[in-house]
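These notes concern the structure reproduced below.
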Amino acid sequence: MLRNSLIGSLRQIKPILCSQSLRSLSNGANSGLTTIEVDDKSGIATLSMNLPPVNTLTLNLMHDLIDSINQIECNKSRGLILTSSNDKVFSAGLDLKELYKPDQERLKEFWTIFQDLWLALHLCGIPTAAAINGHAPAAGCIMATACEYRVMLPDFVIGVHATRFSFLVSKWMMLSYQSVLPRRIVERALNQGKLFSTQEALEVGLIDEVAGSKKEALAQCAAFIGTFDKANPIARTLTKRMCRDSDVTELLRDRAGDLRACVDYINTPLFQEGLSAHLEGLKEKK
Ligand SMILES: CCCCCCCCC/C=C/C(=O)SCCNC(=O)CCNC(=O)[C@H](O)C(C)(C)COP(=O)(O)OP(=O)(O)OC[C@H]1O[C@@H](n2cnc3c(N)ncnc32)[C@H](O)[C@@H]1OP(=O)(O)O
């Protein structure tokens, strides 16, 4: 039984099946919303989100991110560092415009690709780290929690503030948060709609380290990835996936159910009114 499940898992380890060289990837297999830079010496790939002004997770950015994660994984890179080419915002989370008075078919595609993105990052076979060089609210925070390690620059915020504008989060988003923070802190933070400052995030353990600059953050992430040097890569991947199994099981068992629940909630007047007020608030800030 255990042997069968291990063999099944081994078959799912993608790098064995892939052959394209990393160098060609960084020259634009995608539409330029993400870039991949591979350090020749360390073999670590830095994946940057590059969608001005604030790296909102649009359909296109999410597609590019998934392609890039798969390509990095397939090319036997030693690790993946997720960061932003914007020096103030890591990611502003989901594209709110996609959620406001949505076209129903497009909304289904949007939510499905968001599920795909989280699964790709959360179950990525190689070591992952986030160099959080700007604000990381909502789904920006969830992407960071899907990584194994987080280094953040000072004077930014991170957290899931959904309840502030009458949003709920899916259970798997909560589990992603809870894979990093204790349940009682997640419960309080989600209910408060709390955004943690860099210092607060360090104190509760939402991030692992603070860095003085992006360069330092990338070096700290690379040092973390280096800590796995003595581990056999396949054994490491299987162990990581076993540790994360309970975070993904429910979603994998019933992705359609999660999609239905989310689409239904997004269509409620409560959600749409909260979102409308939030969008107004963002405009008025100017
Ligand atoms: C059952 C379960 C059911 C569950 C069903 C539902 C589940 C929902 C879960 C939700 C998950 C999410 O991620 S929802 C997304 C939540 N994200 C947010 O609320 C972040 C909002 N943004 C911000 O707070 C700020 O923009 C921040 C990131 C700090 C950067 O501030 P700045 O001053 O640098 O930039 P701004 O001037 O605010 O923004 C620049 C422009 O980008 C726009 N913009 C900013 N964030 C945006 C966003 N997320 N989507 C679209 N557009 C955005 C602004 O309106 C501006 O547009 P112009 O005026 O045109 O220039």
Side-chain angles (χ1 to χ4, degrees), residues 33 49-62 65 83-102 104 106-118 121 130 132-146 152-177 186 189-198 201 250-251 254-286:
L33 302 180
M49 293 176 276
N50 182 31
L51 177 58
V54 289
N55 284 328
T56 48
L57 296 172
T58 59
L59 262 181
N60 286 343
L61 177 57
M62 291 196 286
L65 280 166
T83 192
S84 160
S85 38
N86 179 319
D87 61 5
K88 288 211 182 88
V89 183
F90 176 74
S91 166
L94 293 181
D95 183 359
L96 293 166
K97 293 183 200 106
E98 291 282 359
L99 305 178
Y100 188 57
K101 298 185 178 166
Q104 297 304 304
R106 193 174 161 96
L107 176 61
K108 285 183 197 158
E109 187 188 352
F110 184 77
W111 196 263
T112 304
I113 198 83
F114 180 41
Q115 293 173 339
D116 286 340
L117 172 60
W118 179 73
L121 200 52
I132 308 164
N133 57 326
H135 298 298
C141 170
I142 297 301
M143 299 250 292
T145 60
M152 187 163 167
L153 269 60
D155 304 323
F156 293 118
V157 295
I158 181 168
V160 180
H161 59 329
T163 53
R164 288 193 198 181
F165 25 90
S166 67
F167 288 13
L168 299 181
V169 292
S170 258
K171 182 146 178 217
W172 54 269
M173 295 170 75
M174 180 200 76
L175 288 174
S176 192
Y177 214 10
V186 168
L190 279 178
N191 281 319
Q192 290 168 335
K194 180 158 178 72
L195 291 172
F196 296 89
S197 66
T198 303
E250 202 172 314
L251 177 63
D254 188 16
R255 289 190 62 172
D258 178 71
L259 175 63
R260 243 185 343 265
C262 291
V263 166
D264 286 352
Y265 188 72
I266 288 166
N267 283 314
T268 60
L270 177 69
F271 182 94
Q272 289 298 319
E273 281 159 20
L275 175 54
S276 169
H278 185 34
L279 286 168
E280 279 307 308
L282 280 173
K283 264 193 228 153
E284 277 164 19
K285 218 176 76 175
K286 305 238 151 171

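Both backbone and side-chain heavy atoms feed into the values below; hydrogens, waters and symmetry mates do not. Whatever order the structure lists ligands and atoms in, that order sets their numbers, starting from 1. All residue numbers refer to positions in the sequence shown, counting from 1.
- When each atom of ligand 1 is checked for a heavy atom of D95 under 4.0 Å away, the hits are 50 (N), 51 (C).
- For the pair K194 and F196, the cation-pi criterion (under 6.0 Å, within 45° of the ring axis) is fulfilled.
- Nearest protein heavy-atom neighbour of atom 56 (C) of ligand 1: K286 NZ, 4.1 Å.
- In this structure, atom 60 (O) of ligand 1 has no protein heavy-atom contact shorter than 4.0 Å.
- Proximity of V89 to ligand 1, defined as any heavy-atom pair under 4.0 Å, is confined to the side chain (atoms from C-beta onward).
- If you check each of N86, L96, T268 against atom 50 (N) of ligand 1, the one with the closest non-hydrogen atom is L96.
- Here S85 contributes atom OG and N50 contributes atom CG; the two are 3.5 Å apart, rounded to the nearest 0.5 Å.
- A donor-acceptor pair is defined here as one N or O able to donate and one able to accept, closer than 3.5 Å; such a pair exists between the side chain of S91 and the backbone of G93.
- Within the 4.0 angstrom cut-off, atom 6 (C) of ligand 1 has one or more protein heavy-atom neighbours.
- In summary, the atoms of ligand 1 found under 4.0 Å from a heavy atom of F165, numbered by their order in the structure, are 19 (O).
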Do L251 and R255 pass the side chain to side chain contact (heavy atoms under 4.5 Å, CB included) test, and can you show the C-alpha distance, the side-chain angles, and the key distance before you say yes or no? CA-CA 5 Å; L251 177 63; R255 289 190 62 172; 4.1 Å; yes
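- No heavy atom of E98 sits closer than 4.0 Å to any atom of ligand 1.
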Let me see the working for N55 and F90 under side chain to side chain contact (heavy atoms under 4.5 Å, CB included), right down to the final yes or no. CA-CA 7 Å; N55 284 328; F90 176 74; over 6 Å; no
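- Atom CD of residue Q115 and atom CG of residue D258 lie 4.5 Å apart, to the nearest 0.5 angstrom.
- Looking at F271 and L275, their side chains come closer than 4.5 Å, going by heavy atoms from C-beta outward.
- Residue-to-ligand polar distances keep L282 apart from ligand 1: every N/O pair is separated by 3.5 Å or more.
- Below 3.5 Å of separation, one finds an N or O of L94 facing an N or O of ligand 1.
- Listed by atom number, the atoms of ligand 1 under 4.0 Å from H161 heavy atoms are 18 (C), 19 (O).
- Interatomic distance, D87 CG to F156 CZ, rounded to the nearest 0.5 Å: 7.0 Å.
- Counting heavy atoms under 4.0 Å from ligand 1, residue Y100 does not touch it at all.
- From L153, atom CG reaches atom NE2 of H135 across 11.5 Å, with rounding to the nearest 0.5 Å.
- The closest protein non-hydrogen atom to atom 16 (C) of ligand 1 is A138 CB, 3.5 Å.
- When each atom of ligand 1 is checked for a heavy atom of F271 under 4.0 Å away, the hits are 6 (C).
- Ligand 1 is approached by P53 to a heavy-atom distance shorter than 4.0 Å.
- Set against the non-hydrogen atoms of W111, the atoms of ligand 1 under 4.0 Å away are 7 (C).
- Using a 4.0 Å cut-off between heavy atoms, H278 contacts ligand 1 through its side chain alone, with no backbone atom that close.
- For atom 8 (C) of ligand 1, the nearest non-hydrogen atom of the protein is L168 O, 3.7 Å.
- A centroid separation of 6.0 Å or more is found between the aromatic rings of Y265 and W111.
- Electrostatic pairing of E109 and R106 does not count as a salt bridge here, judged by no charged N lying under 4.0 Å from a carboxylate O.
- Of all protein heavy atoms, the one closest to atom 38 (O) of ligand 1 is K285 NZ, 2.6 Å.
- Of the inter-residue distances, the one linking W118 atom CH2 with I142 atom CD1 reads 9.0 Å to the nearest 0.5 angstrom.
- At a distance under 4.0 Å, a protein heavy atom can be found next to atom 28 (C) of ligand 1.
- Remark: ligand 1 and A139 share an N or O pair separated by less than 3.5 Å (distance only, no angle test).
- Heavy-atom separations between K171 and ligand 1 are all 4.0 Å or longer.
- Annotation for ligand 1: atoms under 4.0 Å from non-hydrogen atoms of G93 are 13 (O).
- In this structure, atom 44 (N) of ligand 1 lies nearest to the protein heavy atom V54 CG2, 3.9 Å.
- K88 and D155 are not joined by a salt bridge, as no carboxylate oxygen comes within less than 4.0 angstrom of a charged side-chain nitrogen.
- Atom CD of E250 has 12 or fewer heavy atoms from other residues, nucleotides or ligands within 6.0 Å.
- Residue contacts with ligand 1: T56 is placed with no nitrogen or oxygen under 3.5 Å of a nitrogen or oxygen of the ligand (distance criterion only).
- Atoms CG and NZ, from L107 and K101 in turn, are 15.0 Å apart once rounded to the nearest 0.5 Å.
- Polar contact with ligand 1: present for A92 (N/O pair, distance under 3.5 Å).
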